[in-house]
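Data block below; observations after.
Numbering starts at 1 and runs along the sequence shown. Just so you know, these numbers use all the heavy atoms, side chains as well, and skip hydrogens, waters and symmetry mates. No experiment lies behind these values; they were computed from the predicted model shown.
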Amino acid sequence: MKKIWVDMPREMNREYAFYTKLQCIERGTQLHISCSNLFQVYLNGKLFYAGTMRSAHGYSFLVKLDLPETPDELHILVLVNEYAVNSYDVVDESAFFACDIRRDDVLLADTNNFSAYAFLEREQKVERMCLQRNFVESYFFSSDTNNLFFGKSVRPTLAVREAKGNKLLPLELTLPKFRLLFPVSVMEEGEIFQKETYYTYVAPPSGTIGVNCKGYTYEELTSRISLEASKIGYRPVPVGDMLSNNYRLYDMGVNKSGFIRCRISVEEKTTLFYVFDEILYPEAAENVELCDCYPETNPVVFHRLYTVNVVKYVLEKGEYELNTLEPYTFRYIKAIVSGRAKIHSLGLILYENPDGYNCKLSCENEKLQRVFDAAQNTFVQNAIDMLTDCPSRERAGWLCDSFFTARAEKLLTGDNKVERNFLSSYARMKPLPELPEAMLPMCYPADHLNGNYIPNWAMWFVVELADYYMRTGDRGLVDELREKVENLIEFFLSRYRNEDGLLEKLDKWVFVEWSKANEFVQDVNYPTNMLFTGCLDAAFRLYGTERYKRLADEMKETIIRQSFNGEFFEDNRIRRAGKLERTRRISETCQYYAFFFDIASKELFPRLYNTLFECFGAHRDCALVYPQVYKSNAFIGNFLRLELIRRDGRLKDLLDESIEYFEYMAKRTGTLWEHDAPTASCNHGFASYVACMIAEGLTGYVGTDGNREPVFRDEFLGENCEMILPVYDARYKITVKDGVRTIEKTAQK
């Protein structure tokens with residue numbers, strides 16, 4: 001398939017349109033397309049598909065789309081944006097456009113049949129949305145914009161050249177359905193005005209525009225959109241159908257991700273802003289920096305996530321159907337009109353993994369149902385092509401997060417297609433020049449120009465790979481990754497192993513979890529060493545290398561000898577004057593690492609085990625109960641705790657604590673969060689793993705065996721419920737009624 005690109009100098013944040021027209025589309029006609037970077041396909045002016053599905057640097061997927069039958073003309077327009085900046089979302093690589101249109105084996109049109117145009121409607125020199133993602137969307141639309149979608153634009157065509165482009169791969173993922181979701185209500189409406197007191201937010205929040213963070217400097221910007229949005233004040237009053245310097249605050253009902261779509265009639269030149277977030281943020285009233293800047297009853301703080309959750313359109317008089325190029329995440333969105341216009345509808349074209357709805361649970365326990373639904377809603381937004389941490393701030397495939405999300409994928413979809421693509425991207429990845437040669441990036445596909453990495457996350461990669469093999473039996477991918485796994489382990493052993501056989505003074509971002517525990521990561525951090533024993537054990541199970549098993553066992557003995565103080569495992573030791581000295585710092589999370597990675601066991605440490613599960617948990621009063629032990633957070637201590645409860649078969653405790661930890665999140669956003677407070681992402685992929693906890697507690701389902709058959713434990717809670725369980729291509733119906741469980745194979749997919 002021929003790849004082309006416009007014959008123009010490469011610049012940051014440039015968008016181009018590729019147009020062709022066909023007559024009389026018959027059944028069986030397919031559009032085969034691949035692009036880099038983001039792209040959208042429009043048919044007769046309506047959004048039909050949006051991409052891209054990601055892989056490693058140098059690779060792109062070929063997407064095959066069935067075109068609708070039509071006896072008339074079909075106008076096909078493809079918008080492609082070349083960001084040309086580093087990010088954790090879309091990698092920085094040269095753009096290309098490639099397309100064939102076929103019916104059976106007959107080629108109806110190809111790349112040569114498309115005309116190229118500059119999509120100058122997109123404002124180029126704007127802020128980055130955040131450090132992890134790309135540029136804020138800002139547009140200038142006129143009647144010629146609508147003409148472009150039908151081949152009637154007066155703008156000149158551009159010369160194109162053949163582009164080398166990426167290697168094209170067949171796509172084995174399920175495409176999103178692009179279902180349109182409308183708000184459940186208009187919460188508030190009123191007048192807008194210019195604030196005298198406002199919060200000045202400058203993005204990106206960390207790092208500066210330069211070598212390690214490409215973008216436009218503040219002085220280069222043609223619009224300072226975050227500042228424009230910060231200055232808008234809101235005064236609730238009744239508003240009619242026509243908005244004239246007014247706003248509306250919409251509630252989607254739950255937190256969702258997708259492309260914002262708006263049908264709008266503009267009577268005079270108008271500026272339209274979207275300002276959105278996952279939550280209303282009354283907590284702003286308690287923040288000394290924000291309290292005077294957000295006096296609203298229902299504050300939508302667009303920079304709460306250290307992002308610019310704002311989209312801007314400048315619209316000439318006319319009728320428009322607006323679709324954002326990027327997917328966004330929110331429950332609440334304000335549409336702000338400066339000018340005069342009528343919004344006919346505003347909604348979200350959902351960008352989700354439709355396979356995530358294959359599993360269906362109906363439970364009489366409303367609290368468990370609410371948490372399960374929130375876990376499923378969280379998963380489908382974080383597992384489209386990669387297992388991402390969050391669909392909002394980053395859209396990045398992060399290790400460690402992926403270990404938990406992948407288990408949810410197996411339950412909710414019946415397979416691990418997305419995890420396979422995620423791990424395969426590491427297999428395809430060439431060494432990144434900014435990182436040590438053996439080091440795996442903490443998230444991928446992504447750019448890491450600053451050379452930062454999380455050594456712990458590379459260890460989690462090996463732990464996940466062993467878990468993946470146990471779930472899927474995919475020996476081919478395991479063998480393909482062997483060299484990278486072995487090189488990684490030797491990297492740690494050769495650089496950081498001290499005289500006691502433990503890892504010491506690891507470089508870069510040593511990360512245990514989002515809690516006080518992460519202040520104790522040097523010099524010898526015991527949770528990190530516990531994780532490394534898990535990494536060695538996993539590599540032994542994958543490849544049978546006896547040395548890894550021996551090293552892991554030796555490290556476990558040393559960790560117990562140095563870290564356990566007779567009551568708890570201490571988090572770290574510091575080297576002073578050549579000797580390792582105890583710090584006596586203790587975190588709740590360190591204890592969970594010890595049991596999770598088999599340093600400790602219920603049999604060997606019964607008193608600690610009982611203390612943890614009788615005195616700790618969601619309702620511990622940290623000021624009164626073991627105040628010297630620092631509390632865990634959602635990521636990942638609370639989940640390690642739940643996993644240990646699950647392993648012990650204490651199913652009632654498992655479900656009770658799942659409710660305690662997560663129901664308040666489910667009530668507020670319909671999704672599950674990164675932290676145990678709304679200080680960051682309120683839609684974090686790893687948290688979908690709680691669906692597995694609930695499914696096991698209610699039905700006893702624990703996974704599949706080597707024959708791809710479902711496996712159930714004898715014990716289950718006995719609450720009345722019904723679950724449709726996907727297992728690869730099969731479907732099972734599990735019913736629990738009055739304490740009796742029945743299992744019925746219902747159908748093939």
Side-chain angles (χ1 to χ4, degrees), residues 387 399-411 415-416 419-420 422-424 426-427 438-440 455-494 497 501-503 527-560 592-604 636 639-640 643-644 646-648 686 689 692 696 702-711 713:
L387 300 177
L399 294 170
C400 185
D401 301 67
S402 58
F403 172 87
F404 299 96
T405 316
R407 290 184 169 187
E409 183 186 8
K410 183 62 179 293
L411 169 72
D415 203 342
N416 282 100
E419 183 188 26
R420 189 174 302 120
F422 175 58
L423 296 177
S424 294
Y426 279 89
M439 179 52 57
L440 299 176
N456 311 59
W457 271 203
M459 300 175 197
W460 273 105
F461 175 88
V462 185
V463 174
E464 179 180 347
L465 186 61
D467 204 51
Y468 168 80
Y469 180 57
M470 183 181 68
R471 279 182 275 107
T472 67
D474 184 357
R475 191 71 222 177
L477 182 56
V478 167
D479 289 342
E480 191 177 356
L481 284 160
R482 179 168 187 161
E483 184 177 356
K484 288 187 176 180
V485 169
E486 292 176 341
N487 288 345
L488 175 71
I489 290 174
E490 294 309 316
F491 171 84
F492 286 119
L493 293 174
S494 63
R497 193 168 182 237
L502 300 183
L503 303 185
T528 299
N529 277 278
M530 294 168 183
L531 167 58
F532 190 60
T533 69
C535 171
L536 290 168
D537 279 336
F540 166 70
R541 295 195 304 275
L542 288 169
Y543 305 116
T545 307
E546 293 289 344
R547 172 171 167 261
Y548 295 158
K549 177 63 175 171
R550 176 176 54 79
L551 287 172
D553 290 343
E554 291 172 356
M555 288 181 68
K556 289 176 184 180
E557 293 178 3
T558 304
I559 290 168
I560 293 172
Y592 299 144
Y593 267 79
F595 284 96
F596 186 86
F597 289 110
D598 299 321
I599 310 299
S601 67
K602 181 181 180 180
E603 292 72 27
L604 292 176
I636 63 174
F639 269 82
L640 297 182
E643 173 64 10
L644 295 171
R646 184 198 68 79
R647 289 182 187 178
D648 199 33
F686 84 95
Y689 181 42
C692 299
E696 184 167 343
V702 295
T704 56
D705 62 18
N707 296 317
R708 295 191 165 197
E709 295 293 328
V711 176
R713 63 162 70 233

Inset, instruction - With sequence neighbours left out, write down each residue that passes side chain to side chain contact (heavy atoms under 4.5 Å, CB included) with R541, or none if nothing qualifies. - result: A466, D537, A538
Inset, instruction - Considering only NZ, NE, NH1 and NH2 on the basic side and carboxylate oxygens on the acidic side, decide whether D474 and R420 come within less than 4.0 Å. - result: yes
Inset, instruction - Tell me, please, which residues at least two apart from Y543 pass side chain to side chain contact (heavy atoms under 4.5 Å, CB included). - result: L465, R475, V478, D479, L481, R482, V485, T545
Legend entry - Residues forming a side chain to side chain donor-acceptor pair (under 3.5 Å) with S424, sequence neighbours excluded: none
Legend entry - Results of ring pair (Phe, Tyr, Trp, His ring centres under 6.0 Å) for F639 - residues two or more places apart only: F662, F686
Legend entry - Under the side chain to side chain contact (heavy atoms under 4.5 Å, CB included) test, residues paired with F491 that sit two or more places apart: P436, A438, M439, Y453, R495, Y496
Inset, instruction - In plain terms, say whether R646 and E643 are close enough for a salt bridge, that is, a side-chain N and a carboxylate O under 4.0 Å apart. - result: yes
Inset, instruction - For T533, check side chain to side chain donor-acceptor pair (under 3.5 Å) against everything at least two apart and list the hits. - result: none
Legend entry - Partners meeting side chain to side chain contact (heavy atoms under 4.5 Å, CB included) with L604 (sequence neighbours left out): S601
Legend entry - Any residue meeting salt bridge (Lys or Arg N to Asp or Glu O under 4.0 Å) with D467, in chain and number order, not counting sequence neighbours: R407, R471
Legend entry - Sequence-distant partners of Y592, side chain to side chain donor-acceptor pair (under 3.5 Å), two or more places apart: E588, R641
Inset, instruction - State which residues pass ring pair (Phe, Tyr, Trp, His ring centres under 6.0 Å) with F461; sequence neighbours excluded, sorted by chain then number. - result: Y426
Legend entry - E490: partners by side chain to side chain donor-acceptor pair (under 3.5 Å), with sequence neighbours left out: R547
